[in-house]
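Okay, structure first, notes after.
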Number of protein chains: 2
Amino acid sequence: MTLGVATGNASYTEKVQSVRSRLEASIPSSLRLPSSILGSLPLDVTGIPDSCGLLTSSELAITELDATTICQRIASGDITAVDAVSAFGKRAAIAHQLTACLTDYFLDEGIAQARELDEYYKREGRVVGPLHVTNVIIDIKDHIPIKGRWASGGFLSNLELSKEDCDMTSILRRLGAVFYVKTNQPQGIMTAECSSFYGRTLNPHNSNLSPGGSSGGEGALIAMKGSCIGVGTDIGGSIRGPSACCGIYGIRPTSLTMPTHKYVSYQPGHDGIHALSSSKPYLLDPTLIPISFDLPDLSQRKLHVGVMMHDQSVMPYPPMLRAIHLAKEKLSAAPNIEVVDYQPYNHALGYALAYEVYMEDGAKTYRKMLKDGGEDILPLGEWAIGEHLVKDHDAIGMWQLHDKCNSFRREYSDYWNMTGCDVVLCPPFLGTASRHDTAKYWGYTAIWNLLDYPGAVFPSGLTADPSIDVPPSSFSPMSEKDAESHQFYAEDPRLFEGAPVSLQLVAKRFNDGLLLAAQKIVEDIIRG
Amino acid sequence: MTLGVATGNASYTEKVQSVRSRLEASIPSSLRLPSSILGSLPLDVTGIPDSCGLLTSSELAITELDATTICQRIASGDITAVDAVSAFGKRAAIAHQLTACLTDYFLDEGIAQARELDEYYKREGRVVGPLHVTNVIIDIKDHIPIKGRWASGGFLSNLELSKEDCDMTSILRRLGAVFYVKTNQPQGIMTAECSSFYGRTLNPHNSNLSPGGSSGGEGALIAMKGSCIGVGTDIGGSIRGPSACCGIYGIRPTSLTMPTHKYVSYQPGHDGIHALSSSKPYLLDPTLIPISFDLPDLSQRKLHVGVMMHDQSVMPYPPMLRAIHLAKEKLSAAPNIEVVDYQPYNHALGYALAYEVYMEDGAKTYRKMLKDGGEDILPLGEWAIGEHLVKDHDAIGMWQLHDKCNSFRREYSDYWNMTGCDVVLCPPFLGTASRHDTAKYWGYTAIWNLLDYPGAVFPSGLTADPSIDVPPSSFSPMSEKDAESHQFYAEDPRLFEGAPVSLQLVAKRFNDGLLLAAQKIVEDIIRG
């Protein structure tokens with residue numbers, strides 16, 4: 001298989017060269033990895049920030065902390081915001097050289113922003129805004145505008161310098177967040193991959209593999225600890241997929257609860273499927289819904305956890321099956337858990353509906369964006385828009401499609417209610433991260449987008465082990481997709497060695513608080 | 001002008017005859033008005049139930065009560081549910097003979113349902129369900145299914161016997177509501193009129209005038225006190241318009257908060273604009289949003305009331321201008337109110353967007369439904385689908401339209417926030433009820449549908465008085481619509497004599513509780 005590399009006509013090539021030079025030049029020479037390291041990289045590059053000698057031990061220590069702890073340390077005066085952004089900024093530069101995860105790097109701005117916060121802290125004796133979110137050092141996905149930085153909707157043709165913050169970054173900035181990098185996404189932000197005109201992002205755990213997508217740059221950066229938290233988007237798995245592939249935590253909340261106004265998109269007004277609550281963003285954005293994300297107390301009752309082994313459409317790979325079986329065993333033994341055998345309700349139909357909604361215009365806009373930029377389509381994009389579900393709809397066709405989606409949502413909701421599950425544990429993806437350009441099925445996340453059920457992804461604690469995770473000797477595919485997908489793993493399981501295996505927990509729409517409370521309990525049992 | 005009367009081909013005529021005979025036959029002969037009354041009806045028929053002699057004094061007394069009081073009287077054992085539904089049922093039969101407001105009449109079923117509730121009360125010593133909604137006698141708009149009764153989407157071609165209750169009626173039934181009638185709506189439920197294959201509903205206060213639409217049958221029935229409360233729908237003013245025209249109370253809550261699953265519609269999946277909260281309908285219907293309608297305490301602060309005289313697009317008629325000026329005067333004198341001069345923010349654009357969204361398919365489905373039933377289009381429908389804003393959209397066109405709507409919503413929300421208003425008081429309609437088939441502008445309600453701001457309509461206490469409400473001697477129209485609309489009143493103000501003048505209060509999206517609390521305060525001042 002030829003790996004897709006973004007190419008185009010002469011004008012495209014010239015512009016892309018300048019875009020990449022701009023990015024390249026933004027990494028200071030003091031943070032360049034020596035050719036001795038770059039010349040002989042291991043498959044797993046996550047250890048290089050530690051060993052390369054470019055970071056001090058205190059910088060390394062800071063980047064090992066999670067976002068909450070960093071906020072607390074800054075609030076208590078243990079470290080400064082400048083310390084924090086400097087450490088993550090340095091590590092991000094290294095991460096980028098190893099995985100091509102960034103699209104914009106502006107540490108100087110981040111340091112200047114952090115300095116102001118530190119001065120405020122010195123003067124006022126307290127941090128800006130509420131403790132739990134203030135002064136967080138945060139990376140931002142490319143298509144989410146930050147004033148004065150570059151943003152794109154995944155095509156060269158919609159690359160633009162952002163004149164203003166969007167709501168999301170404006171609210172975060174007001175709460176004391178510090179920006180310093182933006183992260184890569186695939187062409188058109190459409191596939192579960194991460195290759196764009198900026199280049200191809202690699203999975204830090206195993207460069208044979210993709211970081212997933214679309215928020216793949218963010219997944220790789222956070223797995224490299226070049227950031228402790230990031231903001232992405234997810235209309236089919238674009239946060240949960242890369243989180244699973246990179247072995248980090250990710251959550252997609254109920255849609256229309258987060259401020260997405262002015263995100264760069266080539267399909268504005270497309271609202272068939274969507275993806276910072278304490279700041280009441282709904283006061284600003286009239287499309288948002290004022291839902292509380294308060295965590296319920298689950299300590300006084302049994303938690304009913306559905307466990308779904310597979311979606312009856314495409315079978316997960318051996319490492320994933322091992323993880324989910326083990327999780328089920330542990331949950332079954334826990335006194336505070338009632339395990340329910342969760343059978344999927346027509347996930348094949350749900351996935352087909354979601355897929356049809358993605359490009360209701362028959363991908364006409366997608367093709368136009370490519371053409372406008374002189375950009376060639378990448379192989380996975382070509383496959384994606386070639387699927388038989390991609391067709392041009394008129395108004396009546398769209399109404400009918402949305403009506404089918406609503407009927408399915410109702411049937412599914414009735415079904416879920418009948419099972420009595422609080423939450424469902426399931427694979428987030430077929431296995432670990434995929435080999436590059438082979439991610440042709442994202443039904444394990446997209447089904448929940450169609451239903452608008454919030455989902456959280458977390459590491460199972462396991463990694464792929466080809467000596468245990470052996471493909472079945474006989475395999476009866478459940479569908480055509482299943483047959484094709486089976487090959488991607490069975491051909492050579494050794495390629496996946498060491499890749500993290502993640503799990504997904506979902507709850508019904510608007511039960512985001514329940515989901516987060518349950519996720520803590522479930523993860524503690526599974527990893528305990 | 002020729003009044004539109006539903007006609008069609010031979011098959012249509014035959015079927016409609018049978019539909020109307022079925023309705024006619026359902027009114028028992030004991031409740032027929034004598035020809036001495038029917039032969040010489042006054043324009044205002046609201047006094048006839050009192051004078052016709054068909055209702056006992058205790059039945060009349062019951063029908064003078066409001067819904068809350070009736071529930072309380074039943075709960076305290078003062079009256080039975082059978083008493084209540086019998087009284088309203090009798091009065092509804094009379095109302096129908098005077099205004100043609102019904103599409104289905106099934107008092108026997110209502111009495112049987114009420115008898116069961118009374119037996120429960122006798123046995124258990126308490127009413128079914130929570131006090132404040134239980135045992136309410138309630139009328140239902142035609143397109144909302146009740147098991148075993150007829151329902152239609154306003155066309156003969158989608159008339160059907162309902163096999164099941166929809167969510168709305170099922171929830172209400174569970175809470176102890178009693179059904180006994182269904183109410184008329186216009187062809188295709190599309191115009192601010194009320195003429196369908198069932199016939200033309202008349203305004204009880206003045207038969208020269210329309211009851212408004214689309215929930216016009218309900219407006220007429222409640223104004224006749226043949227019902228104390230009803231359930232309708234409102235995507236452009238279809239609850240608030242008829243409420244205003246008939247001088248009753250009406251509320252359109254924030255959309256996606258009420259259970260509308262399985263309502264009969266010829267455009268299912270059309271969700272550009274949408275229209276029993278304590279029962280948590282969102283647990284059943286996955287498209288709904290779990291919003292609390294709790295009323296805030298407004299006693300400790302000044303209420304900021306914007307007053308909008310007109311929408312800068314089409315000028316209200318003299319009776320409405322008189323009512324809104326008087327309201328402003330009274331509010332300005334109230335110590336607990338801060339009056340804000342509210343200037344509309346581009347309502348012409350908002351109305352145009354709403355209108356374009358209504359029939360995104362260029363009215364193809366509307367025409368098909370007519371054709372399928374052999375039904376001729378009514379004059380107002382012909383005008384409505386002939387407007388230049390009605391055009392067929394493809395997927396890209398729909399995305400662009402929805403994007404324009406979202407941009408407008410954002411601009412409007414920013415503007416409203418800047419004014420600091422809690423609520424805005426404005427006309428619900430151009431004047432009083434319109435002459436038949438002349439309701440060609442519903443921008444005073446539809447703008448709030450586009451924005452999804454909840455609105456409540458209530459009587460101002462005034463009625464049209466041609467001796468005071470004189471058309472201006474010189475009139476400079478603000479738009480073409482304004483010029484046309486002006487004529488409908490100026491031609492002959494005497495036609496509107498005695499028609500009630502109503503007002504509308506609106507709040508921002510999801511502020512339904514605030515709206516209801518503020519409405520009580522504002523109405524008390526205006527009518528005090």
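To find a chain, count down the sequence lines: A is the first, B the second, and so on, and within it residues start at 1.
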Criterion side-chain hydrogen bond (donor to acceptor under 3.5 Å, both in side chains) on B:E411 and B:Y345, from CA distance to verdict = CA-CA 9 Å; B:E411 286 168 25; B:Y345 181 86; 2.8 Å; yes
When [options] are compared by non-hydrogen pairs under 4.5 Å with chain B, the top option:
options                        : value
A:K404, A:H261, A:M359         : A:H261
A:D414, A:D361, A:D394, A:L451 : A:D361
A:L401, A:T365, A:N417, A:I396 : A:I396

Toward chain B, the part of [X] with a non-hydrogen atom under 4.5 Å:
X      : result
A:R410 : both
A:D285 : both
A:K508 : side chain

task = Evaluate side-chain hydrogen bond (donor to acceptor under 3.5 Å, both in side chains) for B:Y412 paired with B:H347, printing each intermediate quantity in order.
result = CA-CA 9 Å; B:Y412 203 101; B:H347 282 211; 2.7 Å; yes
Regarding [X] and [Y], is there a side-chain donor-to-acceptor distance under 3.5 Å anywhere?
X      : Y      : value
B:H143 : B:S265 : no
B:H393 : B:Q400 : no
A:H402 : A:E360 : yes

key: Proximal component of B:D167, with respect to chain A [non-hydrogen, under 4.5 Å]   = side chain
ask   = Between A:T445 and A:Q504, is a side chain to side chain contact (heavy atoms under 4.5 Å, CB included) present by the stated rule, with each step listed?
value = CA-CA 9 Å; A:T445 46; A:Q504 177 177 221; 3.8 Å; yes
